[in-house]
Protein chains: 2
Amino acid sequence: MATIRDVAKKAGVSVTTVSRALNGYSDVSEKTREKIKMIAKELNYSPSLLARSLVMKKTKTIGLLVSGLRIEGSKDNFTFEVLCGVNDCAGELGYELVLISTDSKKQQEKTYNQLCKERKVEGVILQGIKTDDPYLDEVLKSDIPCILIDIPIESDSVGYVTTDNKGGAETAVEHLLNLGHKHIAMINGHSQAFVSRERLAGYQAALNCISFNESYVVNGAFLEDTAERETTKLLKAYPEISALFCASDLMAMGQ
Amino acid sequence: MATIRDVAKKAGVSVTTVSRALNGYSDVSEKTREKIKMIAKELNYSPSLLARSLVMKKTKTIGLLVSGLRIEGSKDNFTFEVLCGVNDCAGELGYELVLISTDSKKQQEKTYNQLCKERKVEGVILQGIKTDDPYLDEVLKSDIPCILIDIPIESDSVGYVTTDNKGGAETAVEHLLNLGHKHIAMINGHSQAFVSRERLAGYQAALNCISFNESYVVNGAFLEDTAERETTKLLKAYPEISALFCASDLMAMGQ
DNA sequence: TTGTATGCGTTATCAG
DNA sequence: CTGATAACGCATACAA
């Protein structure tokens, strides 16, 4: 692996000059720059991001911390879509993406802070952690800038993005009402999820709190089979139900 | 950010000793080790993987190079499943995963070699590149260890994994035959894809090359809408077709 | 316009 | 058992 020193030696200049030439500084004669560029290409040189990051104290790296990245979730393509979006954006901004996947086993070995600091990520995007996940506390205590997906918490170093969960749910349920349904049940996720609470609120709002019936709401844990089981029980108990509002695609597929 | 020097200073020992104590070397007294460990925890110290990698010449990092990582592909969860699998395995082995996503724009800026060498990845897994992708040549010329997914090429530094495409296709088509279908069409991907060629071979094999009719095979480019369009044309031209064998889930969904 | 010297945070070599 | 010291590959203040 050719280093900057190899280039310097072959070009008969100092490392400093090579560094500046390749990084586009203006205080280098075009002649030397061209020569250096040529030799760099010749030697197949590419600067070590490791060394650069070390001295610059900038890694241009953000961590994508996905909790519960499991193949069973592949039908629900939300995580994948998030990944694509983050990746696109990071790419445009010249940032790298490192995958920091955690499971309960790993969480005991290394703290969130360790995980992030040793990699020197400049920021973190967290997807899939629950509001009662122990990691969440660590995240909030840490000073590493981070963005939570679908958890509405803000502080100096913490932000979040989410969708209009309530509005969306409201629209969906209104649609069912317009179709003439009188008894609409809801298959929700779980109470630890912010999105579930919001969507429930939307469901209630659409029903105007009048025809709202608590018994019509069950939790499917965002899982296909759980949702199916719960739905079966629900329909057996309340045969009058003519429509279902599911809080996630995967759970809808369970029907 | 606490460095190893901070720990050393506070512990009243040299950096060397701290390094060895924390890395589990035996030539350090248990008393010093405990003290150092305590102080390290106290200072919230975690070693910089950057610095460590630089001196050790080992990054413990593998690159996941996904070509065409786009949100439109999210319905087809194959890429996501690959990601999960790779991630699981890498995690167990103590490797990091960095996402190297490429598109035609990026490919012109940086070569495969640059992309990998500057990050010092120790190996690469390539998913989604086509057999006629210019990157493929670079990959083969490079000496960076890599694994191709669904492209059967081997060399000193290149390996691959794939599924039994031919056998799977054969089984699928045989199933349709057993159901009594006489005119089975195939919606394939594209001819640049190894898997498409294999699956076509399986399709032919199942039909025993007897009832094989070339006109019954069209390419859907692995895209939902293309597959739909091609299928419509096909069915219009050959109304006798009673079953379709699709080379990918996504294309089947297009029906 | 170019070069010298220093430091980034580690680990490794070699003496004590 | 412990500690100087030299790398690793690069960028930058400071000189020349």
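In what follows, chains are A, B, ... by sequence order, proteins preceding strands, each numbered from 1. Just the heavy atoms: all of them, side chains too, but no hydrogens, waters or symmetry mates, feed the values below.
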Next on the checklist: Within the 4.0 Å limit for protein heavy atoms, which parts of nucleotides 9-16 of chain C are touched? Write it as a string from 5' to 3', B for base, S for sugar-phosphate only, - for none.
Outcome noted: BBBBBB--
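In this structure, a donor-acceptor pair under 3.5 Å is present between the side chains of B:Thr79 and B:Gln127. A donor-acceptor contact closer than 3.5 angstrom is absent between the side chains of B:Ser157 and B:Asp143.
Judged as a side chain to side chain donor-acceptor pair (under 3.5 Å), and not counting sequence neighbours, B:Ser248 has no contacts. With sequence neighbours excluded, no residue satisfies ring pair (Phe, Tyr, Trp, His ring centres under 6.0 Å) with B:Phe194.
Across all strands, B:Thr32 comes closer than 4.0 Å only to sugar-phosphate atoms, never to a base (heavy-atom distances).
B:Glu96 and B:Lys60 are not joined by a salt bridge, as no carboxylate oxygen comes within less than 4.0 angstrom of a charged side-chain nitrogen. Of the charged side-chain nitrogens involved, at least one lies within less than 4.0 Å of a carboxylate oxygen, so that A:Glu118 and A:Lys110 count as a salt-bridged pair.
Within the structure, the side-chain hydrogen bond (donor to acceptor under 3.5 Å, both in side chains) test picks out the following pairs touching residues 26-40 of chain B (sequence neighbours left out): B:Ser29-B:Thr32, B:Glu30-B:Arg33. Pairs engaging residues 191-201 of chain B under the side-chain hydrogen bond (donor to acceptor under 3.5 Å, both in side chains) rule: B:Asn165-B:Arg199, B:Asn188-B:Ser196 [sequence neighbours left out].
Protein chain B contacts DNA chain D from D:dC1 to D:dG9, reading 5' to 3' and using non-hydrogen atoms of the protein with a distance under 4.0 Å.
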